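Just so we're on the same page: letters track the sequence lines, and every chain starts at 1. In this text the structure is predicted, and so the values were computed from the model without any measurement.
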Amino acid sequence: MSVDTKKIKKNAYRVTKTRGKTCLRVRVPGGHLPSQYLEIIKEIADKFGNGTVHLTTRQGFEIPGIDFSSIEMINQLISPMIVGLEKEIGVPLANGFDKGYPAAGTRNVSACIGNRVCTMANCDTTALAQKIERTIFPNDFHVKIAVTGCPNDCIKAHMQDIGVIAQVEPLYDETRCISCKACVKNCQKVATGALTMGNYKVERDPHRCLGCGECILKCPNAAWTRGNKFYRLVIMGRTGKRNPRLAQTFVQWASEDVVLGVIKNMYKYIDKHIDRTLEKEHVGYIFDRTGYNEFKNVVLEGIQLNPEIRIATFINFHGSIYDSQIIFENVTKA
Amino acid sequence: MAYILTHAEFDTVLQRLKQDYILIGPVRKKNKGKFSDADLITYGQIESLSDLETNGKSQFSAKETIFPPSQTLFYFTEDEYREPKFEPQKRIVFLRACDFNAIKRLDLLFLENGQFVDAYYKRLREKTHFFVFGCEKSYENCFCVSTGTNQCEGYDAFLNFKGEKINLFPSEPFKRYFAGYEENEDILPQFIERNHIQVDIPEGLSTKIYDHPYWDQYGKRCIGCGRCNFSCPTCTCFTMQDIFYRDNKNAGERRRVWASCQVDGFTDMAGGHSYRKQQGERMRFKVMHKIHDFAKRFNMHMCVGCGRCDDVCPEYISFSQCISGLKGVVAHDN
Amino acid sequence: MITNPYLPQPAEIISITKETTTDYTFRLKTDIQPDFGQFVEVSIPKVGEAPISVSNAQPGWIELTIRRVGHLTNELHELKPGDLLFIRGPYGKGFPKEQYRDKSLIIAAGGTGLAPVRNLINYYYQHPGEVRQLSLLMGFKTPEDILFKEDIEKWRSKFQVLLTVDKESPGWSGHVGLITNFVKDAVGENSSASRVIIVGPPLMMKFTSQEFIKYNIPEENIWLSFERKMCCGIGKCGHCRINDTYVCLEGPVFPYITAKNLLD
């Protein structure tokens, strides 16, 4: 059997443990899809796979047990889903929509359930994930992006190359405040303690405020209301064999335009610095080589910053390092 | 006697009224709801008919137009008191029948309870005229028909929105603003006649039911946030606050803010003693006031059946269901 | 012009008597002439306002006995004679003095509960013929907490006085024990004709009432004085309401038969 593994991988299929069998990875940008598409997944799994479906950590589906010879047929079958979930949100696919996925390097943009359902979410995370998908897909660079509606970070934005955490600017109308302290007590218990009482009114420390919106949720008299939506970007979080780490804050109180611009520019940054001797290189390792300042310069290039934005002056990554050789010299060698 | 005007014609009347009055009514504040991308309907100034939100119940009632959530009573300098210079402009408040009936309850408390008239309330009240608009439909949790507050009289004008047209019933003093339009004699004001919810306020309530285990469920469910009180059109409790300004300790003010019998601190006395520590007791205190104690004093029930307390309760505690359940308790015990 | 009932009047502090380490009596220059058992709203601008019962009054002045228990009262205790306080009132319904005329009257007071009845006791001291007999039953936590010591000594000359402390301290030779233990002694014979006033903390009033009733004092012959959070004193703020009753309007003094139905 002859299979061009590089070609099929780019088409979102993979080499599997079982000789002759492949597995299709289906993208669901934003992790929320019309239930009609589940019938397509079912049909492929039942007719061409082994009757099972794996739910991926990135909110896609993997359909295993497919013969390599069925790829073309399956690409036809999956095309309504690619049309519905990619074309409809504005993803440009040069080769049409019946040839399967055009790239698999940049992973599905995942999202928490967001404000379509969740009371705590500060934005429609699925909608934003779709805008990001439209900005970056298709692309071969190996990049992981996720959107979460609040700092609870249910989608684990802190484990992504770029994690987007929605923020809301809380607006305070002291003429509606009746000093019940619900917001202050709650902020101290569940958030950062950014609120204090003074003269029976609430004072907010903007440097401690996460923009989580808890004060708005807790206020019984609409003294706290929602201002503009903003986003915090956490960057270069990762799992993996070298040194897994949580992402750190790059910017906060950024506008949606800044978010999309930074994400787009990150691909320029990767293109500029990627080690092309490797089959693939994750952006986090590129970042480790170039340092923060080069990353910052490239991703912010040409971006109109909103006045509220705050940008990290430096980022110092911590995290476990499994390979002690990375940080200790091998003294026995001499 | 009624005028039948188009929206545009009534807008002309409103512009005439604006020469002499501030117009206040329920307005839809886009994305100002507690949850992200949700609206808040609340009282605010209106410039034209399109600002008036007649489709949907406001979260807060019209009471805040004459009893603001936070009101300065005195300014202090050294040992001198000064009342705020306060000459409110004449206002027209648009409101539904339940809220207009609630104003009567506020009048009883602020103007007639005890031997003193509340000067701050009276000043605003005297400047306020009420344009009541009929409900085209009953909203969720409404039970005004059961409390007899679906109808009203004594308004300055009544409005029935009828699709493209509005039936208008101004009182004599306001008819001059309708100059140039014809009055049709055949029409009467129309009030909502049916709600989805019917409530039968139990007779024979007494302190005997105070210790009934019926209230225990609320002890478990209620979180004591006070939303039911703040959104209630008939709750009038307030707390005094004295403050001095931080940049000038010789100057300060005394103000009053809305208080809630459900929130901690309502009965706290200096020295630490307090009453009704359990939420179940507080619920009983509130419910009994609304459907028994107030009526004993003023010969009409306090509750006007607007159902806002149900609308806003984060724990889905239903006031109307509480009353209905109470009926069963009374029937069983007697 | 609408008269503003919230507008307080300045009142100069004439003198301050330190009753205990935590209870000071302030004599204020004022034209207010309260009934026995009424209260006033006292404030320090920028600090706060609170209801305080009048503990003594004569034309031209009133006295307020204030325990240091919080923000406002801490500040009050910093004041000196000549300083200004702000007051409004008097408010509430006091003791129905006419109902005690020519009767045997027993006044049971616990702790700071003596303050609201002190004025009445002083009145009877000056007009001893107005009641047939007056017995005072007073309880404090410790000898150090005893209020109005000079008055009490003075009262002994005309009235039957029973002073007890919950917990004695060295040098104390008087009674020890809760007020309820001495109700029987205070009642004596012919109880059903006696009138009784009970003022003190909620639990003290509850158990002392029960005790008096046990010794055949008819419920309708007992009066209590309530203490509640009050922000206005004039029936608006709602904090003191119990059932359909506003303590600031219908109280703070209530006949027992009313008070027993005022359940929180």
If only side-chain N and O atoms count, and only distance matters, is there a donor-acceptor pair under 3.5 Å linking [Y] with [X]?
X	Y	value
N101(B)	T149(B)	no
E144(C)	S169(C)	yes
Y275(B)	R228(C)	yes

* To do: Determine the minimum heavy-atom distance between F212(C) and A108(C), stating which atoms define it.
  =>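 Of all heavy-atom pairs spanning F212(C) and A108(C), the closest is CE1-CB, 4.0 Å.
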* Work out which heavy atom in R308(B) is nearest to a heavy atom in S61(B); give both atom names and the distance. =>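 Minimum heavy-atom contact is NH1-CB, 3.5 Å.
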Is [X] positioned over the aromatic face of [Y], cation under 6.0 angstrom from the ring centre and no more than 45 degrees off axis?
X	Y	value
K249(B)	F244(B)	no
R297(B)	F294(B)	no
R241(C)	F285(B)	yes
R27(C)	W61(C)	yes

Side chain, backbone, both or neither: which part of [X] has an atom under 4.5 Å from a heavy atom of chain C?
X	answer
M288(B)	neither
H273(B)	side chain
L111(B)	backbone
A251(B)	backbone
Y81(B)	side chain
I243(B)	backbone
F266(B)	both
F238(B)	both
Y120(B)	side chain

* To do: Please check if the side chain of Q262(B) supplies one atom and the backbone of R282(B) the other of a donor-acceptor pair under 3.5 Å.
  =>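 Pair found, side chain donor or acceptor close to backbone of R282(B).
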* Hey, is the main chain of C261(B) close enough, under 3.5 Å, to the side chain of H239(C) for a donor-acceptor pair? ->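 No, because the side chain of H239(C) does not come within donor-acceptor range (under 3.5 Å) of the backbone of C261(B).
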Identify which part of [X] has an atom lying under 4.5 Å from any heavy atom of chain B, answering side chain, backbone, both or neither.
X	value
P45(C)	both
T73(C)	neither
L84(C)	side chain
Y246(C)	both
L72(C)	neither
P202(C)	side chain
E250(C)	side chain

Taking every heavy-atom pair that is under 4.5 Å apart, which of [options] has the most such pairs with chain B?
options	result
G70(C), C237(C), C248(C), G238(C)	C237(C)
C232(C), C231(C), G235(C)	C231(C)
V69(C), I242(C), N243(C), I234(C)	N243(C)
E227(C), K229(C), R68(C)	K229(C)

* Do K63(B) and D99(B) meet the salt-bridge criterion of a basic N to acidic O distance under 4.0 Å? ->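 So D99(B) does not pair with K63(B) through a salt bridge.
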* **Residue, of R276(B), Q241(B), R254(B), K296(B), that accumulates the most heavy atom pairs under 4.5 Å with chain C** =>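 Winner by heavy-atom pair count: R254(B).
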* Taking the six-membered ring for Trp, are the ring centroids of F230(B) and F60(B) within less than 6.0 Å of each other? ->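 F230(B) vs F60(B): aromatic centres not under 6.0 Å.
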